[in-house]
Novice: 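Submitted below is the structure of interest, expressed as structure tokens.
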Amino acid sequence: MLISADYSQIELRLAAEMAGVKALQESFRTGEDIHTRTASEVMGIPLAEVTSEIRRSAKAINFGIIYGISGFGLAKQLGVSNGEAGAYIRNYLGKFPELEQFMTSLKEEARKFGYVKTFFGRKCVISGINDKNGAKRQFAERQAINAPLQGTAADIVKMAMIEVDRRIKSGEIEAKLLLQVHDELVLEVKEDRAEFVANQIKQVMENVASFSVPLAVEAKWAKNWSDAH
């Protein structure tokens, strides 16, 4: 069998952690659906009235913000006007001001040093942050916002791979580590051990690093990679 163990919403969790966004941290700690919470906060809708379509829009906003999305880019994704999309972004940052402060500080750090750092201190070089060309500069600013989050997620996945490999070599985990795909580890395991090993992998991955926001891993198993999702 193949086991697919995937970190759930890891970059959003890291944004809440690294930017110190108390409201989002609390949502993750209590297991509240983060996209429903965002829809309610940003669009001014009671939680009980958030539909699946509204939740999808909030999901695009959540992930778009941490990639430094523009009002134009969000408008294209949601199929709304530039003005409406811009209002969503302003409302979002107004509700979570710590995130806007975090994003501003990252851009300033990149301008000053030419790099930003992951949570664990790894440098991510940002070229073009002071470029006279506006398009190049804005691209670099988006990189400066996302690199510490995506980079920290990459650090965590690598730490998890090392720990899983260590436990496989010690005989504690009976599996073969095959692939890393973004925020996911893929392993091969005997069919009768799939559920037990999936729980072992989940435990290792969720505890490889400690934050105020819990890491969450969804581990599934099947005969092929597609069915394991």
Side-chain angles (χ1 to χ4, degrees), residues 1-22 24-35 59 62-63 66-67 102 106 115-126 143-229:
M1 303 283 278
L2 291 179
I3 291 174
S4 165
D6 194 7
Y7 280 108
S8 174
Q9 301 173 334
I10 189 168
E11 289 182 27
L12 285 177
R13 291 172 188 270
L14 291 172
E17 173 73 20
M18 295 170 70
V21 187
K22 302 300 182 186
L24 295 182
Q25 289 176 1
E26 184 62 21
S27 290
F28 282 123
R29 280 195 290 268
T30 59
E32 185 178 40
D33 184 273
I34 198 71
H35 303 311
K59 185 176 181 180
N62 268 331
F63 285 109
I66 62 174
Y67 280 93
F102 177 66
L106 288 173
Y115 62 82
V116 289
K117 291 183 179 180
T118 69
F119 181 87
F120 302 102
R122 181 165 61 85
K123 293 179 182 179
C124 303
V125 174
I126 306 295
Q143 282 187 315
I145 292 168
N146 185 245
L149 303 173
Q150 199 170 59
T152 300
D155 292 344
I156 291 169
V157 172
K158 290 174 178 65
M159 290 160 65
M161 291 172 69
I162 291 167
E163 183 59 19
V164 167
D165 181 66
R166 187 186 70 78
R167 297 196 188 198
I168 289 172
K169 286 177 177 175
S170 72
E172 181 182 342
I173 292 177
E174 296 178 22
K176 182 179 181 180
L177 183 58
L178 298 180
L179 295 169
Q180 176 235 334
V181 186
H182 300 296
D183 303 330
E184 171 189 4
L185 299 185
V186 182
L187 302 97
E188 191 173 47
V189 64
K190 291 180 180 178
E191 188 169 355
D192 61 350
R193 300 285 287 169
E195 182 174 4
F196 180 78
V197 174
N199 286 330
Q200 284 184 303
I201 300 299
K202 176 180 169 69
Q203 190 272 337
V204 170
M205 291 175 68
E206 288 181 344
N207 292 282
V208 76
S210 179
F211 304 102
S212 64
V213 173
L215 296 177
V217 171
E218 188 173 14
K220 296 181 180 180
W221 56 95
K223 288 289 188 181
N224 63 66
W225 191 54
S226 176
D227 290 345
H229 286 76

Novice: Step through the shown structure and confirm whether more than 12 heavy atoms of other residues, nucleotides or ligands are within 6.0 Å of CD on E32.
Specialist: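 Atom CD in E32 is crowded, with more than 12 foreign heavy atoms closer than 6.0 Å.
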Novice: Step by step, would you call L177 with L185 a side chain to side chain contact (heavy atoms under 4.5 Å, CB included)?
Specialist: CA-CA 8 Å; L177 183 58; L185 299 185; 4.3 Å; yes
Novice: Quick one: does N146's side chain have a donor or acceptor within less than 3.5 Å of a partner on I66's backbone?
Specialist: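 Judged by distance alone, yes, a pair lies under 3.5 Å.
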Novice: Is the backbone N or O of C124 less than 3.5 Å from a side-chain atom of Q143, with the two atoms forming a donor-acceptor pair by type?
Specialist: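 No, the answer is negative, given that no donor and acceptor are paired below the 3.5 Å cut-off.
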Novice: Decide side chain to side chain contact (heavy atoms under 4.5 Å, CB included) for F102 and L149; before the verdict, give the C-alpha distance in whole Å, the side-chain angles of both, and the deciding distance to 0.1 Å.
Specialist: CA-CA 11 Å; F102 177 66; L149 303 173; 4.2 Å; yes
Novice: Hey, can you pull the donor-acceptor pairs under 3.5 Å for the side chains in residues 209-220, sequence neighbours left out?
Specialist:
| residue | atom | partner | partner atom | Å |
| --- | --- | --- | --- | --- |
| S212 | OG | E17 | OE1 | 2.6 |
| E218 | OE2 | K220 | NZ | 3.3 |

Novice: Using a 3.5 Å distance criterion without hydrogens, assess whether the side chain of R193 forms a donor-acceptor pair with backbone atoms of E174.
Specialist: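 No, the answer is negative, given that no donor and acceptor are paired below the 3.5 Å cut-off.
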Novice: NZ of K202: more than 12 outside heavy atoms within 6.0 angstrom?
Specialist: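 Counting neighbours around NZ of K202, more than 12 heavy atoms of other residues, nucleotides or ligands fall under 6.0 Å, so yes.
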Novice: After noting the C-alpha distance and the side-chain angles of E172 and Q200, does the key distance pass the side chain to side chain contact (heavy atoms under 4.5 Å, CB included) rule?
Specialist: CA-CA 9 Å; E172 181 182 342; Q200 284 184 303; 4.3 Å; yes
Novice: Around atom NE2 of H229, are there more than 12 heavy atoms from other residues, nucleotides or ligands closer than 6.0 Å?
Specialist: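 Enclosed.
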Novice: Could you go step by step and tell me if E163 and R167 meet the salt bridge (Lys or Arg N to Asp or Glu O under 4.0 Å) rule?
Specialist: CA-CA 6 Å; E163 183 59 19; R167 297 196 188 198; 2.8 Å; yes
Novice: For the pair Y7 and R13, evaluate side chain to side chain contact (heavy atoms under 4.5 Å, CB included) and give the outcome as yes or no after the intermediate values.
Specialist: CA-CA 10 Å; Y7 280 108; R13 291 172 188 270; over 6 Å; no
